[in-house]
Amino acid sequence: MVADNNVLPAKLASFEMDLMAQPAWYHYFGCADFAPSRTFCSADEAFVSDIEIDSFSMRNTIVMYFPFIHQSGLGSYKYGLLGINISVDEAFRDVLLPFTNINPTRAAVSFNVAEPCRPFHLCLKKSLMRTKAGTDLYLKWSYSWLDFIKLTLHSAAFEIYLIALLLLMVTWKQLYLRLRALAHTDHLTRLPRRDILNQRLLHEHDYLMILDIDNFKSINDLHGHSIGDAALTAFARYLKGNIRKIDTAIRWGGEEFIVLFRGMGNDDMMSQSAKRLLTRPLQIPELPDPITFSAGVIRIRDYLTVTEAVHLADELLYHVKQHGKHNIACYEGTTIRLIRPLPDEAESA
């Protein structure tokens, strides 16, 4: 930009303009004293323009103007301005895009401090630098609510929080399962309590057996409740040790227990398992005689409820109690059969 009004070479842009209307030109050459004294109107080393879009690069630019006077001899001289375009996006990249992953929705530098904030945005501004002319250049960041979500998800604190949450969930699950097991476990025998037996568990098995320790009241009366508790504990261990891992032993209440058998294909298999239980004696040091039991076993049909299944098995148990105890009864068709025949039945056979 020189004093002959040629802002650019004619082949690039041919137009006339009033230089005095240009802020930078007027800043240095617009005063009345300049014409006679050739002294710049301002002592500023550079005049900084507002941020504008460059017509060639289409980038946001700041132009820094430097005045000059060139004397060519014989009293003649030329004066003008030297303009240097500075790309805002490149020059201020580190402050406009300061982060690796999450940056503001909108970032800009501006000489205008009063700029409205968009709806649902958080706007921040800070004086970035001041020109020698005393004009402040402001850095402006604008965050949308989505930025905060992204920033949270990418932050190290969120990763720590997520790991802690997962650990807490795993710990709570284990604790919940442990507490649930304790809540459904009999504290004396360490077997599950009767409230775990529901329709789903019942129909996951093929046979249900209800067992009752013989003469348990006499054990309590003659030897005391502590020995009775020892008998219950020993009988629970006896059951767990003589059934398979896929079977389930439950303390039903008092001296009664229930065993659910899984994977028994027919009545013969169930009879063999019942015979093994009968032929393995249970002896504890606190009692002079072995602990025996009576039991009733039924096949679990699809239509049976828990109450109905237990009632049918309990009727078989009552039959055993009425026929000498220490035996297991089952149905053979509509007939009740004892797993271990009574002496008179064995002789007649």
Side-chain angles (χ1 to χ4, degrees), residues 182 184-197 205 207-244 247-261 270-298 306-332 335-349:
L182 289 174
H184 294 281
T185 300
D186 177 62
H187 73 280
L188 178 63
T189 62
R190 311 311 299 169
L191 291 179
R193 299 191 318 185
R194 64 186 296 159
D195 49 3
I196 75 158
L197 183 53
H205 296 79
Y207 288 86
L208 180 147
M209 179 186 290
I210 186 166
L211 308 93
D212 184 272
I213 297 176
D214 293 331
N215 307 313
F216 183 74
K217 185 177 184 303
S218 298
I219 294 175
N220 274 334
D221 293 342
L222 295 175
H223 303 281
H225 289 284
S226 61
I227 303 302
D229 289 347
L232 290 171
T233 304
F235 190 71
R237 288 198 302 266
Y238 168 82
L239 285 180
K240 290 178 68 174
N242 286 280
I243 62 175
R244 302 163 304 169
D247 302 328
T248 303
I250 301 169
R251 186 180 182 190
W252 193 243
E255 68 272 23
E256 286 189 333
F257 296 80
I258 280 180
V259 176
L260 299 169
F261 295 91
M270 185 65 247
S271 295
Q272 293 300 319
S273 296
K275 286 179 181 178
R276 284 195 296 270
L277 281 175
L278 285 172
T279 56
R280 294 176 181 175
L282 172 59
Q283 187 78 53
I284 62 173
E286 295 87 349
L287 294 175
D289 299 317
I291 297 172
T292 63
F293 68 90
S294 301
V297 60
I298 65 159
V306 172
T307 302
E308 292 168 343
V310 173
H311 177 71
L312 289 173
D314 201 46
E315 287 183 338
L316 292 172
L317 170 62
Y318 180 76
H319 180 83
V320 174
K321 291 289 188 180
Q322 297 298 313
H323 292 81
K325 302 181 182 180
H326 190 32
N327 212 330
I328 300 174
C330 62
Y331 282 109
E332 195 171 73
T335 305
I336 297 177
R337 180 176 69 88
L338 296 175
I339 297 295
R340 187 180 63 187
L342 296 175
D344 55 343
E345 293 176 353
E347 290 175 3
S348 63

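Every value quoted in this text rests on a predicted model; they were computed, and no experiment measured them. What you see below is based on every heavy atom in this structure, not just the backbone, and it leaves out hydrogens, waters and symmetry mates.
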More than 12 heavy atoms of other residues, nucleotides or ligands under 6.0 Å from NE2 of H311: yes or no?
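It does not: H311 NE2 has 12 such atoms or fewer within range.
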Taking atom NZ as the centre, does K240 end up with more than 12 heavy-atom neighbours from other residues, nucleotides or ligands that are less than 6.0 angstrom away?
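At most 12 heavy atoms, drawn from other residues, nucleotides or ligands, come within 6.0 Å of this atom.
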Report yes if some heavy atom in the side chain of [X] is under 4.5 Å from a heavy atom in the side chain of [Y]; otherwise report no.
| X | Y | value |
| --- | --- | --- |
| S271 | R337 | yes |
| L191 | I250 | no |
| I219 | E255 | no |
| H319 | Q322 | no |

Separation of [Y] [atom2] from [X] [atom1] (nearest 0.5 Å):
| X | Y | atom1 | atom2 | answer |
| --- | --- | --- | --- | --- |
| R251 | L211 | CZ | CG | 13.5 Å |
| I210 | L312 | CD1 | CG | 11.0 Å |
| L316 | I298 | CG | CD1 | 7.5 Å |
| H205 | I258 | NE2 | CD1 | 11.5 Å |
| I196 | T248 | CD1 | OG1 | 6.5 Å |
| H184 | L197 | NE2 | CG | 12.5 Å |

Checking S294 against D214: is there a side-chain donor and acceptor pair closer than 3.5 Å?
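Yes, S294 and D214 have a side-chain donor paired with an acceptor closer than 3.5 Å.
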Quick one: which residue pairs count as a ring pair (Phe, Tyr, Trp, His ring centres under 6.0 Å) with a foot in residues 210-243, not counting sequence neighbours?
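Sorted pair list: F235-Y238, F235-F257, F235-F293.
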What pair of heavy atoms forms the shortest contact from [X] to [Y], and how long is it?
| X | Y | result |
| --- | --- | --- |
| V297 | I328 | CG1-CG2, 3.9 Å |
| T185 | R193 | C-CG, 3.6 Å |
| N242 | L277 | CB-CD2, 3.7 Å |
| L338 | A329 | CD2-CB, 3.8 Å |
| R340 | K325 | NH2-O, 4.1 Å |
| I213 | A231 | CD1-O, 4.4 Å |

Between the side chain of N215 and the main-chain N/O of S218, is any donor-acceptor distance below 3.5 Å?
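Judged by distance alone, no pair lies under 3.5 Å.
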